[in-house]
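Just so we're clear, the structure is a prediction, and the values are computed from it rather than from any experiment.
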Amino acid sequence: MKTDLGVFLKAAVRRPAVIGAFAPTSEILAAQLVEVVPRRGAPTVLELGPGTGAVSGLIRSRLPDDARYLAVEVDRAMVDHLMVTRPWLEVLHMSAAELSSRIGAGEVDAVVSALPWTLIPERTQGQIIEEVAKVLAPGGSFTTIAYLTGTSFGPGRRFRRRLGASFDEVLTTRTVWRNLPPARTYVCRRPITP
């Protein structure tokens with residue numbers, strides 16, 4: 001069986017603009033990222049860009065028994081790896097820009113994302129954010145990683161403004177320095193509908 005790190009590194013070399021990180025998400029950053037995952041009831045949780053599953057196990061550990069856990073991954077090799085190593089995860093091989101074609105409106109209680117936003121074209125960013133807003137349930141939360149290397153520059157600043165224009169509330173968490181690269185998370189609630 002291939003290791004998570006081996007699959008990640010191979011994908012990072014093959015498609016650096018899709019992977020967008022030097023290493024899988026650290027446990028410290030993952031813990032901060034999954035704080036929005038509900039622990040009670042029968043929630044539906046969606047992970048965007050699970051990669052090799054660095055955050056997936058932590059999400060699963062928080063979920064109640066009746067929860068539904070979906071993941072959207074665009075890289076075929078990572079989808080295959082997840083299906084073998086995390087058989088409990090419902091993996092959809094597709095672009096996050098097409099969420100509402102497979103997930104109903106208002107069905108998701110928490111969306112957790114490790115997508116490399118500053119590497120995604122702005123038009124596609126907008127489509128993904130719109131799709132997240134469509135599938136997010138009232139009272140649901142969307143959280144995503146923001147790598148410090150990109151937050152100070154044009155694409156990172158534009159992405160943060162896009163979140164502010166798309167959600168009524170956007171909270172910025174503390175920086176996790178023990179991640180490669182260092183990162184923080186944005187926690188977004190109450191999508192603003194056009």
Side-chain angles (χ1 to χ4, degrees), residues 7-8 11 14-21 25 33-34 36-38 41-56 59-60 63 66-146 155 158-159 161-170 185-194:
V7 171
F8 178 89
R14 188 177 67 249
R15 299 175 75 186
V18 173
I19 305 307
T25 305
L33 190 63
V34 304
V36 301
V37 174
T44 296
V45 174
L46 173 63
E47 184 179 3
L48 304 180
T52 56
V55 178
S56 305
I59 292 173
R60 183 181 186 216
L63 291 174
D66 294 334
R68 182 178 183 205
Y69 181 12
L70 303 157
V72 169
E73 176 58 57
V74 73
D75 186 272
R76 181 78 242 180
M78 290 196 184
V79 169
D80 294 342
H81 180 74
L82 289 168
M83 292 174 80
V84 170
T85 61
R86 282 124 179 116
W88 38 263
L89 182 57
E90 188 178 338
V91 185
L92 305 174
H93 181 217
M94 61 183 283
S95 166
E98 303 166 345
L99 290 177
S100 62
S101 69
R102 301 279 295 274
I103 301 166
E107 287 188 12
V108 179
D109 299 288
V111 178
V112 176
S113 170
L115 296 178
W117 293 103
T118 57
L119 299 178
I120 297 171
E122 289 186 26
R123 183 171 184 258
T124 307
Q125 282 181 13
Q127 291 170 330
I128 295 170
I129 297 299
E130 284 178 25
E131 292 292 296
V132 167
K134 284 180 192 174
V135 302
L136 202 59
S141 298
F142 166 56
T143 185
T144 191
I145 294 173
R158 285 190 296 275
F159 176 69
R161 283 194 300 270
R162 180 183 298 280
L163 290 178
S166 302
F167 293 89
D168 182 49
E169 176 182 67
V170 181
T185 62
Y186 296 131
V187 180
C188 309
R189 295 184 179 95
R190 298 182 301 279
I192 298 169
T193 53

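Contact record, Gly51 with Glu73: N-OE1, 2.9 Å, taken as the closest heavy-atom pair. Ala96 and Leu48 make their closest contact through CB-CD2, 4.1 Å (heavy atoms, listed as atom of the first residue, atom of the second, distance). Contact between Phe167 and Cys188 at its shortest, heavy atoms only, is CG-CB, 3.5 Å.
Considering only residues two or more places apart in sequence or on other chains, Glu131 meets the side-chain contact (heavy atoms from CB on, under 4.5 Å) condition with Leu99, Ser100, Lys134. For Arg161, the side-chain contact (heavy atoms from CB on, under 4.5 Å) partners are Arg157, Arg158, not counting sequence neighbours. Listed by chain and residue number, nothing satisfies the side chain to side chain donor-acceptor pair (under 3.5 Å) test with Ser95 (two or more places apart in sequence, or in another chain). For Tyr186, there are no ring pair (Phe, Tyr, Trp, His ring centres under 6.0 Å) partners two or more places apart in sequence or in a different chain.
Judged by distance alone, with hydrogens and angles left aside, the side-chain atoms of His93 form a donor-acceptor pair with the main-chain N or O of Val74 at under 3.5 Å. A donor-acceptor contact shorter than 3.5 Å links the side chain of Arg86 to the backbone of Thr52. Side-chain atoms of Gln125 come within 3.5 Å of backbone N or O of Trp117 as a donor-acceptor pair. The main-chain N or O of Glu122 is found under 3.5 Å from a side-chain atom of Arg162 such that the two form a donor-acceptor pair.
Rounding to the nearest 0.5 Å places OG1 of Thr25 at 7.0 Å from CG of Leu33. Interatomic distance, Leu92 CG to Leu70 CG, rounded to the nearest 0.5 Å: 5.5 Å. In this structure, the separation between CD1 on Ile129 and OG on Ser166 is 6.0 Å, given to the nearest 0.5 Å.
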Please report, to 0.1 Å, the donor-acceptor pairs under 3.5 Å made by any side chain of residues 135-142, with sequence neighbours excluded.
residue: Ser141; atom: OG; partner: Arg189; partner atom: NE; Å: 3.1

Run the side-chain donor-acceptor check on residues 107-114: report pairs under 3.5 Å with partners two or more places apart or on a different chain.
residue: Asp109; atom: OD2; partner: Thr44; partner atom: N; Å: 2.8
residue: Ser113; atom: OG; partner: Leu115; partner atom: N; Å: 3.1
residue: Ser113; atom: OG; partner: Thr144; partner atom: OG1; Å: 3.3

### Query
Are Phe159 and Ile120 close enough, and set up right, to give a side chain to side chain contact (heavy atoms under 4.5 Å, CB included), and what steps lead you there?
CA-CA 10 Å; Phe159 176 69; Ile120 297 171; over 6 Å; no

### Task
Tell me, with the steps shown, if Val84 and Asp80 meet side chain to side chain contact (heavy atoms under 4.5 Å, CB included).
CA-CA 7 Å; Val84 170; Asp80 294 342; 5.9 Å; no

### Task
For the pair Val37 and Tyr69, evaluate side chain to side chain contact (heavy atoms under 4.5 Å, CB included) and give the outcome as yes or no after the intermediate values.
CA-CA 10 Å; Val37 174; Tyr69 181 12; over 6 Å; no

### Audit row: Glu98, Gln127, side chain to side chain contact (heavy atoms under 4.5 Å, CB included) steps and yes/no
CA-CA 8 Å; Glu98 303 166 345; Gln127 291 170 330; over 6 Å; no

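Within the 4.5 Å cutoff, side-chain heavy atoms of Pro50 are placed close to those of Leu82.
Counting heavy atoms of neighbouring residues, nucleotides and ligands inside a 6.0 Å radius, atom CE of Met94 exceeds 12 of them.
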